[in-house]
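Chain identifiers are assigned alphabetically (A, B, ...) following the order of the sequence lines, protein sequences preceding nucleic acid strands; residue numbering begins at 1 within each chain.
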Amino acid sequence: MDPVGLLFFLVGFLIMAGIYAILCLALNVQWGYGGLFNAGIAGFFAVGAYTSALLTAAPAPTHLGGFELPVLVGIIAAAVTAGLTGWAVAKICIRLKSDYLAMASIGIAEILRMVIVNEDWLTNGSLGITNIPRPFDGLLQGREADILFLAFVWVIVAIVYLVCNRLYDSPWGRTLRAVRDNEDAARAVGKDVDSFRLQTFVIGAALMGVAGALSAHYFRFLSPEATEPLLITFLVWVMLMAGGSGNNKGAIIGALSVWAIWSLTEIVTNRLPAEFATRSSYIRMLLIGLLLQFVLQKYRSGLLPERSPGIAFDKDKDKTHG
Amino acid sequence: MITLENIVMRFGGLAAVDDVSFAIGKGIITGLIGPNGAGKTTLFNIIAGRLFPTSGRVLLEGDDITRLPPHERSHKGLARTFQIPHEFGALTVLENLMVAGDTSRGENAFNAVLRRGLFLREERAVYERARDTLDFLELSHVKSEKAGNLSGGQKKLLELGRSLMREPRLILLDEIGAGINRTLLGKIAEKIKRLNEERGFTFCLIEHDLDYVSKLCSDVIVMAQGKVLTRGTIDEVRHDERVIEAYFGGGKYEVGT
């Protein structure tokens, strides 16, 4: 591979890794802080992706809109609609215990997928939406534009990371972790468990919507295949488990490393004989499953385990307290 | 302090609590004893709001709190510990106490992200209280340990500390002595006594160990088969024929000595 080709492989890799990093951070808010087993990540991702795509794409007779709004408006709207979807789901399901919540969220994500595939007037069904713009379109041409988009994605990753860290290192995050560890005890010390769970679910869902929007803008094209649960929900769970649930840095590292393995195995499986190449995505899935097994056996709580944020003024107090 | 009026709790056909009425006085330590299955823990759960009674009323200083969820009761000054320790396992000991404090500004997600200055003072106050509570309970040396790693006895102390952080009017202790060694048990008893005498905390505790109850409680309520059997000082109930019968099913035994 020539150096320029390698560079752009790397750019494409990092863009997707950035989108996955946002998904991982979002899942970390829900599962890592709040203990909510959301197995419907792809659903919120899809809501965000379609919202932003429809709002920013050029008008087309095949689907609703588009409305040619600025990309930033699309992304914010994606967060809002995904967050609202999260709110509705949470209102119904939040009292379910973890494994039941997982089942319910899978179900709801599948319903959303069916809606997307079948409601042609809204989404153009399986033919998808084309002409989705990117931010700063026209500033750079061709492959250089990818570099600009890479920067844009990682600026958003940085913002999301900052927000997640602040949430974690606050009485809000502390309360949420307490709710996760023991809901009865959390109630006994005056915490409104349902309200905290609702907030967590909505914040996580909104961030997942942002990731969905970014992926639509990256590919400039959106069809139901982009919201495949295997590639979104399952992979993100593997990333968070491997990176360390409850740890924001771990979430990003998990996204980068698992996506690296995923991308590299693509190079390998592409060289397999044709009869295997068609099944390559399943072979890769198997590899990822094995990797998860290895990580969970070797590093129980991921590469970077959860750490308490610490109390800022706890240090100086140690001396006086002896 | 707390008044129960004709509390009935049915699970299917079984009346776990059957028409129980009593009041718990302010500033004293009341003991709730009785053989297994007497309905003590069910009654505790009704007072704490984990269960809503089939009929009857729960009053906290005159306020009807019968249908109030647990977290709202907590805000009204009701605190409890659990029979099996309910620590927040992945949080440090210090965090376990701080999370119980009132940090309503910092618990707002919007403030947590954008207006962090707003809850600094509140956080500092809660931190100071948590440190004082840790000192009082002699847990300061493990403050940075994850609570899940503590011993059974330390977890019980932590539970007590967590309820103290609420600055409650009434603390319900559900078998705080169960499953811990004598030495630590004595220590916990001493802390409870001090909290009651020096700081005026009101306690109501469930206990099996009558020696323990006799050390702490000036007022003892005996339950059996969902009803209140008798009430009095520990010496009075200890020699009550009905109590002996409830514990041992008849025969001439001296209870608890």
Side-chain angles (χ1 to χ4, degrees), chain A residues 29 32-35 159-160 162-196 198-200 202-204 206 245-247 301 305-318 320-322, chain B residues 48-50 69-76 78-82 85-92 94-114 116 119-120 122-124 126-128 130-131 134-135 140 143-144 146-148 159 162-163 165-166 172:
Chain A
V29 173
Y33 306 1
I159 294 170
V160 171
L162 189 75
V163 168
C164 289
N165 257 357
R166 289 191 157 199
L167 286 172
Y168 189 69
D169 180 14
S170 74
W172 186 83
R174 188 169 61 212
T175 305
L176 204 56
R177 287 156 63 223
V179 167
R180 171 198 67 193
D181 283 357
N182 197 310
E183 60 178 281
D184 279 328
R187 285 198 181 93
V189 293
K191 309 301 173 188
D192 187 345
V193 169
D194 289 344
S195 155
F196 272 94
L198 184 77
Q199 294 173 40
T200 318
V202 170
I203 292 171
S245 92
N247 189 316
S301 26
E306 177 179 347
R307 278 184 57 221
S308 285
I311 310 298
F313 27 75
D314 192 29
K315 297 280 183 297
D316 49 24
K317 206 56 204 296
D318 265 338
T320 51
H321 261 79
Chain B
R50 209 176 174 196
H71 67 271
E72 284 177 31
R73 290 186 202 212
S74 173
H75 287 290
K76 286 199 176 272
L78 206 66
R80 73 167 297 180
T81 68
F82 293 87
H86 277 36
E87 78 283 359
F88 303 124
L91 272 62
T92 65
L94 181 62
E95 284 177 318
N96 261 267
L97 290 191
M98 287 184 68
V99 82
D102 238 324
T103 49
S104 46
R105 286 178 165 183
E107 282 172 32
N108 177 312
F110 185 74
N111 290 347
V113 177
L114 292 174
R116 295 178 72 83
F119 55 85
L120 265 179
E122 159 194 282
E123 183 79 344
R124 174 124 218 164
V126 168
Y127 168 74
E128 299 290 346
R131 287 303 303 256
L134 286 175
D135 284 346
S140 290
K143 75 175 166 65
S144 305
K146 285 200 171 181
E159 291 238 350
R162 219 166 45 190
S163 52
M165 287 297 290
R166 301 292 310 155
L172 303 165

note = Highest number of heavy-atom pairs under 4.5 Å with chain B among A:Ala178, A:Gly246, A:Ser170, A:Cys164 belongs to A:Ala178
query = With a 4.0 Å cut-off, would you call B:Arg116 and A:Asp169 a salt bridge?
reply = yes
ask   = Between B:Arg166 (side chain) and A:Val189 (backbone), is there a donor-acceptor pair under 3.5 Å?
value = yes
message = Quick one, B:Phe82 and A:Asp184 - any side-chain contact, counting heavy atoms below 4.5 Å?
response = yes
request  = Would you mind checking which part of B:Arg73 comes under 4.5 Å of any heavy atom in chain A, side chain (CB onward), backbone (N, CA, C, O), both or neither?
outcome  = neither
ask   = Does the B:Thr103 side chain pair with the main chain of A:Pro171, one donor and one acceptor, at a distance under 3.5 Å?
value = no
key: Nearest atoms (heavy-atom pairs only) where A:Leu167 meets B:Ala109   = CD2-O, 3.8 Å
key: Lys/Arg-Asp/Glu bridge criterion (N-O < 4.0 Å) met for B:Glu72, A:Arg187   = no
note = Applying a strict 4.5 Å limit to non-hydrogen atoms, the region of A:Phe196 in contact with chain B is side chain
inquiry  = For the interface with chain B, which of A:Thr175, A:Val179, A:Ile203 has the highest count of heavy-atom pairs at distances below 4.5 Å?
reply    = A:Thr175
A:Asp192 side, atom CG; B:Ser74 side, atom OG - distance, nearest 0.5 Å = 11.5 Å
task = Sort B:Lys146 into side chain, backbone, both or neither according to what part of it lies under 4.5 angstrom from a heavy atom of chain A.
result = side chain
inquiry  = I need the A:Glu183 CD to B:His86 NE2 distance, nearest 0.5 Å.
reply    = 9.5 Å
key: Minimum-distance pair of heavy atoms, taken over all atoms of A:Ser308 and B:Glu95   = OG-OE1, 2.6 Å
request  = Against chain B, work out which of A:Gln199, A:Arg180, A:Arg166 has the most heavy-atom pairs shorter than 4.5 Å and name it.
outcome  = A:Arg166
query = Can any side-chain N or O of B:His75 pair as donor or acceptor with the backbone N or O of A:Gly190 at less than 3.5 Å?
reply = yes
message = Does any backbone or side-chain atom of B:Arg105 lie under 4.5 Å from a heavy atom of chain A? Answer side chain, backbone, both or neither.
response = neither
Contact class of B:Glu159 relative to chain A, heavy atoms under 4.5 angstrom = neither
request  = Can you tell which part of B:Ala48 gets under 4.5 Å to a heavy atom of chain A, answering side chain, backbone, both or neither?
outcome  = neither
ask   = Ignoring hydrogens and geometry, is there a side-chain-to-backbone donor-acceptor pair from A:Asn182 to B:Phe88 under 3.5 Å?
value = no
note = If one checks every heavy atom of A:Glu306 against chain B at 4.5 Å, the contacting part turns out to be both
Side chain / backbone / both / neither for B:Asn96 at chain A, heavy atoms under 4.5 Å = neither
key: N/O donor-acceptor pair under 3.5 Å between A:Lys191 side chain and B:Val99 backbone   = yes
ask   = If you measure from the Lys or Arg side-chain nitrogens to the Asp or Glu carboxylate oxygens, is any gap between A:Arg174 and B:Glu107 under 4.0 Å?
value = no
remark   = The interface call for B:Met98 against chain A, heavy-atom contacts under 4.5 Å, is both
Portion of A:Leu176 that has a non-hydrogen atom of chain B nearer than 4.5 angstrom = neither
